[in-house]
A.B. asks: 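Below: one structure in structure tokens.
All figures in this text were calculated on a predicted structure; none of them were measured in a lab. Residue numbers begin at 1 in each chain, while the letters A, B, ... track the order of the sequences. For the numbers below, each heavy atom of this structure counts, side chains included, while hydrogens, waters and symmetry mates do not.
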Amino acid sequence: MDNNTQNATVPKTKKPKKQSRFREVWKRYKRSPLAIAGLFIISCIILLALSAPFIAPSVDGMPGYNLQDWGNVRQFPSSEHIFGTDHLGRDVFSRIAHGAGISLRVGIVVITIGITFGITLGSIAGFYGGYIDNVFMRIIDIFLAIPNILLAIAIVAALEPGLTPVMIAVGIGAIPIYARTVRAQVLTYREQEFVEAARAAGASDFRIIVRHILPNCMAPVIVEASMGMAGAILAAAGLSFIGLGIEPPLPEWGAMLSEGRIWMLAGYWHLTVFPGLMIALIIFALNMIGDGLRDALDPKLRSGFSKRHFERLKVQAAQKIQEQSQATTVTKEGVA
Amino acid sequence: MKRKLLGIVPLVTAFMFMLTACGAPAAPDTPPGVTPPAGGTTQTELMVLTPSLAVSFDPIQSNDSASAEFARLIYSTLVLMDYDTFEVLPGLATSWDLPDPQTVNMQIRSGVTFHNGDPLTAHDVAFSLERAGASVQMAPILGMIDTVVAHDNYNVTIHLDIPFVPILRHLSHPAAAILPMNYLLEVGEDEFANAPIGSGAFMFDHLVIGDQQVKVRFDNYWGNVSQLERITFRVVPDPSTRLIEVSTGTADIAMGLAPGDLAGAEADPNVTVMRRPNLGTDFIWMNTQRPYLNNPLVRQAINYAFDTQAAIDVVWMGAGAIAHSPVMPIVWGFVEQPPFETNLDRARELLAEAGYPDGFSTSIWWNAPNVQRQQVSEMMQFTLAQIGIDLSIETMEWATYLERSDVGEHDMMIIGWTTVTADIDYALFPLLHSSNYGPPGNRGFWSTPELDALLEAGRAETDDAARMEIYAEAQAIIRAEAPMLVLRQGEILMAVNPNLRGLELNPNLSHNHATIWFE
């Protein structure tokens with residue numbers, strides 16, 4: 001089967017013209033409407049987060065997401081409160097808007113922690129090999145053996161509830177995956193000629209890793225990061241949902257969902273639907289961006305990753321064949 | 001195996017005691033609330049959904065309401081309480097007198113048997129009460145019991161460490177249950193807690209740890225034998241799920257309705273909502289040994305600032321009633337205090353008078369996952385911001401919550417207290433006497449010699465009118481010093497099968513399910 005698809009795609013790959021790397025990636029990225037939709041949604045959420053202080057400004061030092069109105073609780077969506085009001089009479093849309101910034105911040109900080117430590121550990125392990133590799137990777141294995149969410153719960157419980165401990169906890173849980181990805185990449189590059197050449201020219205290990213090897217390893221890391229950001233936001237929302245995340249009254253979406261849950265049976269759907277929808281949207285968007293980036297950054301990554309991509313590759317191949325009206329027939333000769 | 005055998009014994013011995021049981025005079029012996037149905041019950045099994053099961057089956061091991069509720073069915077106490085008038089009624093004791101505030105003489109009912117067939121005598125009473133008096137867990141309720149002397153099989157004298165007038169009300173608490181001495185000594189305390197035996201209306205059948213606990217009827221009960229044959233308590237942690245189960249008919253009682261589900265439950269034809277004000281209160285402790293909060297003017301200011309009626313409406317959906325004192329109105333000894341009328345200007349004035357015109361920073365704790373307390377914290381934060389106090393909110397789980405507040409690390413914390421004995425002594429002494437800092441109840445770490453003296457005098461005063469005067473003075477001091485912010489008087493909210501009859505809600509939360517029948 002592999003033979004068939006390779007036969008179908010390899011001749012179609014055009015020789016890249018001389019253009020910047022970014023334009024080249026963008027050109028491939030924008031071919032996927034889902035990836036564009038993801039980018040659009042994320043842009044909207046970033047815009048929402050940035051405009052939150054203007055949508056819901058603070059009054060008398062009380063932040064805009066915590067303006068309570070006890071005479072006006074659990075109002076359904078109306079022209080005045082487009083997402084309604086919550087159980088303490090706070091405008092749900094204002095809270096959603098302020099919450100966007102929290103979710104994005106959680107995602108970015110977690111990914112930064114994961115990438116920083118992951119790349120450092122992974123590249124050192126991959127580059128030096130031997131017992132350093134062994135020690136580093138066994139530590140990583142220990143972390144991998146514990147489910148991420150459990151690890152995060154344990155860390156948050158050991159620290160105390162709050163946004164920073166949650167970001168640290170989820171960030172630590174994210175390290176192993178980057179470390180392994182980077183290590184695998186470094187292993188494939190460290191014996192190549194350009195590394196030999198750098199070494200022969202007298203470059204230090206540090207310089208070889210940072211200037212020659214790592215830039216080549218970034219594609220899978222970027223893809224992993226966009227997917228990982230979705231995972232991080234979801235994990236943080238989950239921790240908040242079970243009461244280990246942020247301290248009230250911060251409008252973290254997971255916490256809003258948790259607070260609204262007790263009103264569900266009473267019919268106040270807007271307290272759970274809107275934060276739930278926002279979580280779903282941001283996760284969806286980040287995953288679509290991740291998929292798009294994966295396809296755009298390195299087409300070679302496609303087939304190796306998942307069955308889904310393999311299937312999509314086949315479909316794309318078949319489309320191209322049709323477009324170019326070539327009378328290529330996919331034969332079954334390779335099947336045993 | 002052993003348990004099964006023990007279950008058969010009462011059946012065999014039942015006839016032996018039937019004559020005595022039937023021969024007892026009806027009126028004073030009837031436990032309160034029992035109204036036998038005319039045409040019998042249509043359903044003999046009761047399924048109760050509860051947030052948690054009894055922590056221990058030994059009545060003196062744990063002072064939680066689930067354990068008390070279990071003990072209420074399995075064991076009998078010397079006296080019972082009428083929860084409308086809070087009069088003490090005869091239970092296992094048929095009559096009593098108090099020659100002085102440190103001594104109680106009691107005559108024990110004859111012909112009562114334990115579930116294993118052993119007769120209940122004054123020796124069991126002496127053994128059980130001395131054991132309960134030595135219990136650390138039950139010290140606030142029964143710790144004053146010193147020695148108990150059995151004169152013969154049916155007469156005992158209880159001697160107390162201190163003059164203690166409300167002792168009879170304390171003896172109605174399930175922790176003062178009378179246990180079978182011989183059986184307990186034979187099998188040991190641990191085995192007793194696994195296979196408890198009492199003289200109550202129901203016998204313990206079996207337990208599935210963390211899931212359910214089953215009791216079956218004791219046909220040789222000394223009071224009115226229950227119409228039900230089997231009572232099962234099943235754990236369902238989520239209140240909405242409990243309500244749905246009752247509504248769909250898979251259970252008969254959902255304990256602890258969530259305030260948010262109240263309106264829906266009242267509109268549901270498949271559910272009857274039962275409500276009754278209870279002996280519990282929700283309040284905010286202000287740690288009087290912390291900066292700022294050590295000033296009574298600050299504590300008053302906070303009381304004036306917070307709108308407790310709004311909290312009752314928003315957080316509890318109107319359940320419960322406004323309260324101005326840690327003493328609930330149905331508790332003996334209650335004296336109405338002037339309320340703190342919500343008034344932000346007055347609060348600001350008091351803060352300025354206290355020397356903090358620009359406010360200060362402090363914190364409030366609540367224990368996850370108690371969402372009502374979370375909402376109160378958020379409302380408090382919003383309120384105090386308006387008088388310049390910057391309040392941060394901290395969450396922790398229950399065990400840490402108690403551990404850290406036991407040593408006074410908190411500024412403010414939200415907690416509850418149920419005056420299970422319905423006597424003012426239990427409402428004030430554990431909470432506000434200086435000897436009870438931390439674990440026994442005084443988490444405000446507050447004391448004044450005047451109040452200490454009044455609380456000590458109050459429990460020793462035999463004359464009701466004089467006792468009332470002492471407590472009126474004590475309550476006035478508490479109102480002026482405001483060591484706590486009382487949020488509300490609690491209310492029992494329960495969703496039950498519409499055909500369920502005969503259940504009298506008990507304000508101290510240990511309801512007697514033996515009186516239930518179905519129409």
A.B. asks: Heavy-atom cut-off 4.5 Å, strictly under: side chain, backbone, both or neither for B:Ile244 against chain A?
C.D. replies: side chain
A.B. asks: Examine whether an atom of B:Gln386 lies under 4.5 Å from a heavy atom of chain A, and if so say whether it belongs to the side chain, the backbone or both; otherwise answer neither.
C.D. replies: neither
A.B. asks: Looking at chain A, which one of B:Leu262, B:Asp238, B:Asp390, B:Asp261 has the largest number of heavy-atom pairs inside 4.5 Å, strictly under?
C.D. replies: B:Asp261
A.B. asks: Tell me whether B:Phe360 at atom CZ has more than 12 heavy atoms from other residues, nucleotides or ligands lying less than 6.0 Å away.
C.D. replies: yes
A.B. asks: For the residue pair A:His270 and A:Phe76, is the inter-centroid distance of their aromatic rings smaller than 6.0 Å?
C.D. replies: yes
A.B. asks: When rounded to the nearest 0.5 angstrom, what is the spacing between CH2 in B:Trp365 and CD1 in B:Ile393?
C.D. replies: 14.0 Å
A.B. asks: Which bit of A:Asn66 comes within less than 4.5 Å of chain B, counting heavy atoms only: side chain, backbone, both or neither?
C.D. replies: both
A.B. asks: Non-hydrogen atoms of chain B under 4.5 Å away: do they reach the side chain of A:Trp70, the backbone, both or neither?
C.D. replies: both
A.B. asks: What residue in B:Met396, B:Met379, B:Gln374 has the most heavy-atom pairs under 4.5 Å with chain A?
C.D. replies: B:Met379
A.B. asks: Would B:Thr400 and B:Glu397 count as having a side-chain donor-acceptor pair, cut-off 3.5 Å?
C.D. replies: yes
A.B. asks: Any side-chain donor-acceptor pair under 3.5 Å between B:Ser247 and B:Asp268?
C.D. replies: yes
A.B. asks: Among B:Ala368, B:Ala311, B:Ser240, which has the most heavy-atom pairs under 4.5 Å with chain A?
C.D. replies: B:Ser240
